[in-house]
Amino acid sequence: MKIPFNLPFITENEEAYVLDALRSQRHCGNHAYCQKVIERMSADHKYDNVFLTPSCTVALEMGAVLLGIKAGDEVILPSYTFSSTANAVVIFGAKPIFCEVDPDTLNMDTSHLQELVNEKTALVLPIDYAGASCDIDKIKEIASTVNAPVMQDAAQSYGSYYQGDACGTRADLAAFSFHETKNFNAGEGGALLVNDPDLVDRAHTLQEKGTNRRDVLKGLRKKYSWVDVGSSYLLSDILAAVLLAQLESERLITGKRKKIYDVYDAALARFAQTGAIKRINTRIMGQKLNYHAYWITLNNAGDRDKFLDYLMANDVAAYIGYVPLHSSPMGQKLGYKPGDLPVTESIASRVVRLPLYAGLADEGLDYCADKIVESLSRIYD
Ligand SMILES: *Cc1c(COP(=O)(O)O)cnc(C)c1O
């Protein structure tokens with residue numbers, strides 16, 4: 001049996017919706033399926049002022065433009081993230097200031113953030129690793145001491161909750177991903193959530209190539225004109241049709257993912273109890289997970305490699321996670337070097353993300369969990 005790391009999950013409705021979108025002959029952005037997705041996001045999680053974009057990467061870029069991020073600005077973000085988080089601001093000449101992670105959550109370490117903020121801080125840009133919220137209230141509190149906005153890279157946390165609010169709703173801006181590897185998949189896709197009311201009007205213009213096309217769509221004017229800078233931050237209605245089917249099945253998909261979590265939790269309990277491994281905490285006070293990813297950390301890099309070798313030999317595709325950005329080739333070009341963020345580097349050398357995709361709940365889960373337990377027993381029993 002072969003267990004991949006990820007497989008996209010398709011529900012019953014994508015095909016019919018895509019066909020309908022094709023036949024509607026309105027294929028570009030902000031048509032009927034985009035509207036339906038936007039309404040759905042509002043109804044399900046109170047995500048309001050949503051801008052559907054071609055990806056989370058582009059949503060973050062759009063957020064950076066909205067916030068006026070420019071050359072020389074300092075932007076604080078974790079080193080333990082995907083290149084997109086950093087690129088969204090580096091592309092405009094901003095300097096990434098890398099923050100350590102908390103080894104219990106792999107999210108931004110707020111005590112390090114406290115040390116890093118200063119009057120040059122133009123933005124704080126945390127992520128929600130594995131779908132678990134960063135400590136957004138604390139991060140906002142620290143950012144506000146230097147009047148910096150917070151943009152949450154919520155690529156992984158669509159539908160997760162923090163203190164009763166859906167992830168993303170407490171930051172000034174937040175970005176989601178609907179990439180094939182995320183819980184809800186449009187192939188490629190994303191969204192920018194604009195919670196700061198002062199930024200909403202401009203976001204409409206920016207998204208529509210700097211025009212007032214929105215007024216035309218609303219019937220307020222006949223022709224649109226160029227009124228501001230902008231780009232094409234638009235998701236095609238055909239892809240929105242795919243996304244609608246996915247979001248309508250949120251409960252089904254999340255339920256399947258939870259089942260995998262439960263099986264991993266039970267299988268790994270004894271290794272966590274002896275301290276052989278640490279794992280994602282599924283019961284953080286006040287949080288609810290969307291079960292995006294399941295990570296464990298082993299005691300050292302050698303154990304991690306042995307663990308992965310055995311899984312690989314048994315066709316189970318676990319994954320090492322991120323290479324820290326500060327020690328990557330681009331991070332080094334920006335002036336960082338290995339050794340700068342010891343906690344992040346230690347985590348990155350020991351972490352493993354286990355296979356997790358909705359279809360695994362239906363096929364292969366027992367095999368996969370058995371191989372994980374076998375691999376750990378060979379190291380720790
Ligand atoms: C997946 C991911 C992205 C990129 O999402 P795309 O939709 O592929 O652009 C950005 N940041 C984080 C933390 C991610 O996990």
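Every heavy atom of this structure was used, including side-chain atoms; hydrogens, water molecules and symmetry mates were not. Counting starts at 1 for both ligands and their atoms, in listed order.
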Below 3.5 Å, N or O to N or O, backbone or side chain included: is there any such pair between [X] and ligand 1?
| X | answer |
| --- | --- |
| A155 | no |
| T181 | no |
| T81 | no |

Enumerated ligand 1 atoms positioned under 4.0 Å from heavy atoms of [X]:
| X | value |
| --- | --- |
| T57 | 4 (C), 6 (P), 9 (O) |
| S84 | 4 (C), 10 (C) |
| G189 | 7 (O) |

Kindly state whether the ring of F184 and the ring of Y158 have centres lying under 6.0 angstrom apart.
yes
Applying a heavy-atom cut-off of 4.0 Å, say which part of [X] lies close to ligand 1: side chain, backbone, both or neither.
| X | answer |
| --- | --- |
| Y322 | side chain |
| C56 | both |
| D153 | side chain |

What residue and heavy atom of the protein are closest to atom 15 (O) of ligand 1, and at what distance?
Q156 NE2, 2.8 Å
Where the closest heavy atom to atom 1 (C) of ligand 1 is concerned, which of E188, H179, K182, H292 has it?
K182
side-chain contact (heavy atoms from CB on, under 4.5 Å) test vs I296 passes for just one of F307, Y264, F271, namely F307
Counting only heavy atoms from other residues, nucleotides and ligands, does the tally under 6.0 Å from OH of Y224 exceed 12?
no
Answer yes or no on whether K36 is positioned over the face of Y33, meaning its NZ or CZ is under 6.0 Å from the six-membered ring centre and within 45° of the axis.
yes
Thinking salt bridges, do D265 and R279 make one under a 4.0 Å N-O criterion?
yes
Distance-only side-chain donor-acceptor flag, E74 / N118, under 3.5 Å:
yes
